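Notes follow the structure.
In what follows, every chain begins at residue 1, and chains take the letters A, B, ... in the order their sequences are listed. Here the structure is a predicted model, which is why all the values come from computation and not from measurement.
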Number of protein chains: 2
Amino acid sequence: MHKGFVKQLFNVKQITKYNIRNSLRRIFLYHGLLVRLSSMGVTRVFSFTLAGGTGVTPEQVRKDFSEYGIRGNRRGGYLTSSLLKELEALFNRDRISNVILVGMGNLGQALSKYGLFIQRGINIVATFDIDPFKQKARADDIVYPPERLQEIIDRFHVNVAIVAVPDISAQEVCNELVNMGIRGIVNFSPVLLKVPEYVVVTNVNLSDEIESVIWSVSRMKEEQSLFL
Amino acid sequence: MHKGFVKQLFNVKQITKYNIRNSLRRIFLYHGLLVRLSSMGVTRVFSFTLAGGTGVTPEQVRKDFSEYGIRGNRRGGYLTSSLLKELEALFNRDRISNVILVGMGNLGQALSKYGLFIQRGINIVATFDIDPFKQKARADDIVYPPERLQEIIDRFHVNVAIVAVPDISAQEVCNELVNMGIRGIVNFSPVLLKVPEYVVVTNVNLSDEIESVIWSVSRMKEEQSLFL
DNA sequence: CATTTTATGTGAGAAGATTCACATAATAAA
DNA sequence: TTTATTATGTGAATCTTCTCACATAAAATG
Ligand SMILES: NC(=O)c1ccc[n+]([C@@H]2O[C@H](COP(=O)([O-])OP(=O)(O)OC[C@H]3O[C@@H](n4cnc5c(N)ncnc54)[C@H](O)[C@@H]3O)[C@@H](O)[C@H]2O)c1
Ligand SMILES: NC(=O)c1ccc[n+]([C@@H]2O[C@H](COP(=O)([O-])OP(=O)(O)OC[C@H]3O[C@@H](n4cnc5c(N)ncnc54)[C@H](O)[C@@H]3O)[C@@H](O)[C@H]2O)c1
């Protein structure tokens with residue numbers, strides 16, 4: 001089952017104590033799969049179901065569940081609905097989280113238009129850009145100027161921000177956000193943001209992702225050519 | 001130095017032997033930083049320079065370099081230019097790689113417009129979409145119909161594809177690509193693609209990334225409220 | 001030219017993550 | 001109701017990754 005594909009989790013490598021364990025990253029994967037299975041009418045899953053759908057081994061799935069105190073039936077696997085509830089309780093998905101998005105360039109616009117975030121409990125309540133031209137992009141989808149950040153953060157009790165500004169502005173924007181009460185940042189710029197220890201940052205580096213696949217493929221090809 | 005921020009690497013979790021080691025993922029991070037430092041005129045770096053800029057420890061940087069046979073001067077650190085060359089040789093960046101992009105929706109369009117991929121040796125030679133409306137989006141930036149995939153893959157010797165289609169189509173598109181000779185896929189859809197063992201897949205799951213930050217923040221807040 | 005300083009390079013030990021193996025419990029079958 | 005079957009749950013072993021400590025070499029200083 002778990003052979004024949006390179007699989008990947010999202011990534012987070014931590015240094016503070018607010019460490020996201022590998023096991024928890026996988027829990028997110030299981031959850032994502034479970035949401036889809038559930039919407040397809042699947043009412044019961046087994047460790048191998050989740051394993052097959054996420055690219056890990058069944059033992060790993062059970063071990064992960066064990067770590068978070070999630071238990072199934074010794075023969076009947078797990079009930080989709082109650083497993084979903086348990087997972088969502090585990091990562092505070094009982095309610096929807098308001099996030100803001102700063103930087104409405106290419107990437108920011110794509111993210112802001114994505115309709116499925118809400119299914120995962122992610123609600124982008126407002127978007128911001130320093131460029132006046134971008135600010136009046138659309139009437140139904142307002143882009144605010146950075147001056148209104150504090151107001152919106154307070155009004156919607158926002159803790160988490162998505163940062164999609166150019167690398168030169170990233171640290172500056174980050175500092176402002178942290179001063180305004182933001183405690184978590186998803187950073188798409190390729191710079192390491194310096195933040196106080198009470199702020200969580202996750203970097204998504206798309207160039208690295210693509211480059212690593214290119215590398216793997218060329219490495220694979222090299223190796224195979226040795227057998228010709 | 002390495003305290004006070006949560007740091008993250010891009011991610012890849014492997015099952016085949018074409019495993020991307022953590023150390024290699026970090027090598028990509030060092031490289032990205034080095035490119036920026038280099039363009040800022042920095043001619044010499046130390047393990048702590050790279051560590052500070054990427055969120056790892058200096059020991060780790062040296063250990064990683066050691067693993068890949070990269071050596072510096074016992075006192076003078078590393079020369080930016082020669083280190084860059086060594087790293088690029090390491091992951092075949094002597095030449096630029098042609099990749100294709102399938103799915104020109106929100107995300108695909110953002111990716112296709114990103115001008116800095118080329119600096120990282122990533123050249124998107126063509127984009128594809130099944131939607132005829134998207135196909136004639138712009139005269140200067142042609143979006144091809146899927147029928148022309150094979151032709152373009154062959155013409156530009158493409159090995160790697162970026163897949164940004166809806167989850168329902170992802171496996172189908174993936175199968176076609178593999179049949180046409182693609183050996184590496186960067187998959188933005190939230191499904192696990194089943195591929196033969198000679199194909200490398202990396203999944204980028206943006207919902208998971210955001211959700212994990214939300215989780216970390218709420219977890220952190222909970223913990224802090226215990227001390228009130 | 002000898003001495004001090006400073007950063008590298010790496011073995012050894014620690015920590016973390018994954019796999020293995022099997023006892024255990026729930027269900028199904030007889 | 002007894003027996004067989006099947007999936008879970010988890011300690012122990014293994015494998016991987018990270019950290020520590022310090023010897024070592026290059027450069028700077030006197
Ligand atoms: N687009 C991609 O596919 C891609 C790929 C890899 C990395 N990235 C990274 O993601 C980030 C965004 O990429 P992009 O292509 O959307 O860039 P972009 O230049 O298209 O958009 C950046 C936006 O940020 C806005 N901005 C600049 N400074 C700001 C500030 N101080 N406050 C608020 N808004 C500000 C700009 O007006 C602009 O609209 C960049 O750091 C880029 O390196 C993007
Ligand atoms: N946009 C985001 O911010 C975001 C966030 C998280 C995940 N994703 C995932 O990324 C993927 C793309 O997202 P999106 O927002 O760009 O979706 P989208 O619906 O805007 O675009 C998908 C595009 O793929 C095209 N397509 C469909 N089937 C195709 C086929 N067989 N061959 C070629 N093209 C085909 C469609 O015509 C459409 O243009 C989805 O799987 C989505 O779940 C996107």
Take the protein atom [atom1] of [X] and the nucleotide atom [atom2] of [N], then report the distance between them rounded to whole Å.
| X | N | atom1 | atom2 | result |
| --- | --- | --- | --- | --- |
| B:Leu83 | C:dG9 | CG | P | 10 Å |
| A:Phe46 | D:dG9 | CZ | P | 12 Å |
| B:Tyr68 | C:dT8 | OH | P | 19 Å |
| A:Glu67 | C:dT19 | CD | P | 15 Å |
| A:Asp64 | C:dA17 | CG | C1' | 10 Å |
| B:Asn22 | C:dA15 | CG | P | 19 Å |
| A:Gln60 | D:dC15 | CD | C1' | 13 Å |
| A:Phe48 | D:dT6 | CZ | P | 11 Å |

Pick base, sugar-phosphate or nothing for A:Ser23, based on heavy-atom distances below 4.0 Å to the nucleic acid.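 The answer is nothing, as A:Ser23 stays clear of every strand by at least 4.0 Å.
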Answer with base, sugar-phosphate or nothing: what part of the nucleic acid does A:Phe65 contact at a heavy-atom distance below 4.0 Å?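 Answer is nothing: A:Phe65 stays at 4.0 Å or more from every strand.
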With ring pair (Phe, Tyr, Trp, His ring centres under 6.0 Å) as the rule and sequence neighbours excluded, what pairs involving residues 53-77 of chain B come up?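 Qualifying pairs: B:Tyr30-B:Phe65, B:Phe65-B:Tyr78.
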Which residue pairs pass the ring pair (Phe, Tyr, Trp, His ring centres under 6.0 Å) test when at least one of the two sits in residues 159-178 of chain A, sequence neighbours left out?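 Output for this query is empty, none listed.
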For A:Ile96, does its backbone N or O pair with a side-chain atom of A:Asn123 as donor and acceptor, under 3.5 Å?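 Side chain of A:Asn123 to backbone of A:Ile96: no pair is present.
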So, is [X] near the phosphate of [N], with a side-chain N or O under 4.0 Å from OP1 or OP2?
| X | N | answer |
| --- | --- | --- |
| A:Ser47 | D:dA7 | no |
| A:Arg26 | C:dT18 | yes |
| A:Ser66 | D:dG9 | no |

My understanding is that only residues two or more places apart in sequence, or in another chain, count here; which of them pass side-chain hydrogen bond (donor to acceptor under 3.5 Å, both in side chains) with B:Arg62?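 Expected list: B:Ser47.
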Which atom pairs, one a donor and one an acceptor, fall under 3.5 Å between side chains of residues 163-180 of chain B and the rest of the protein, sequence neighbours left out?
residue: B:Gln171; atom: OE1; partner: B:Lys194; partner atom: N; Å: 2.9
residue: B:Gln171; atom: NE2; partner: B:Asn175; partner atom: OD1; Å: 2.8
residue: B:Gln171; atom: NE2; partner: B:Lys194; partner atom: O; Å: 3.1
residue: B:Asn175; atom: ND2; partner: B:Gln171; partner atom: O; Å: 3.4
residue: B:Asn179; atom: ND2; partner: B:Asn175; partner atom: O; Å: 3.4

Contacts of A:Phe46 that satisfy side-chain contact (heavy atoms from CB on, under 4.5 Å) - sequence neighbours left out: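 A:Phe46 satisfies side-chain contact (heavy atoms from CB on, under 4.5 Å) with A:Arg44, A:Phe48, A:Thr49 once adjacent residues are dropped.
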Whether each nucleotide of nucleotides 20-30 of chain C has a protein heavy atom under 4.0 Å at its base (B), only at its sugar-phosphate (S) or at neither (-) is summarised, 5' to 3', as ---BBBBBS--
Under a 4.5 Å cut-off applied to non-hydrogen side-chain atoms, are B:Arg183 and B:Val160 in contact?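 A side-chain contact under 4.5 Å is absent here.
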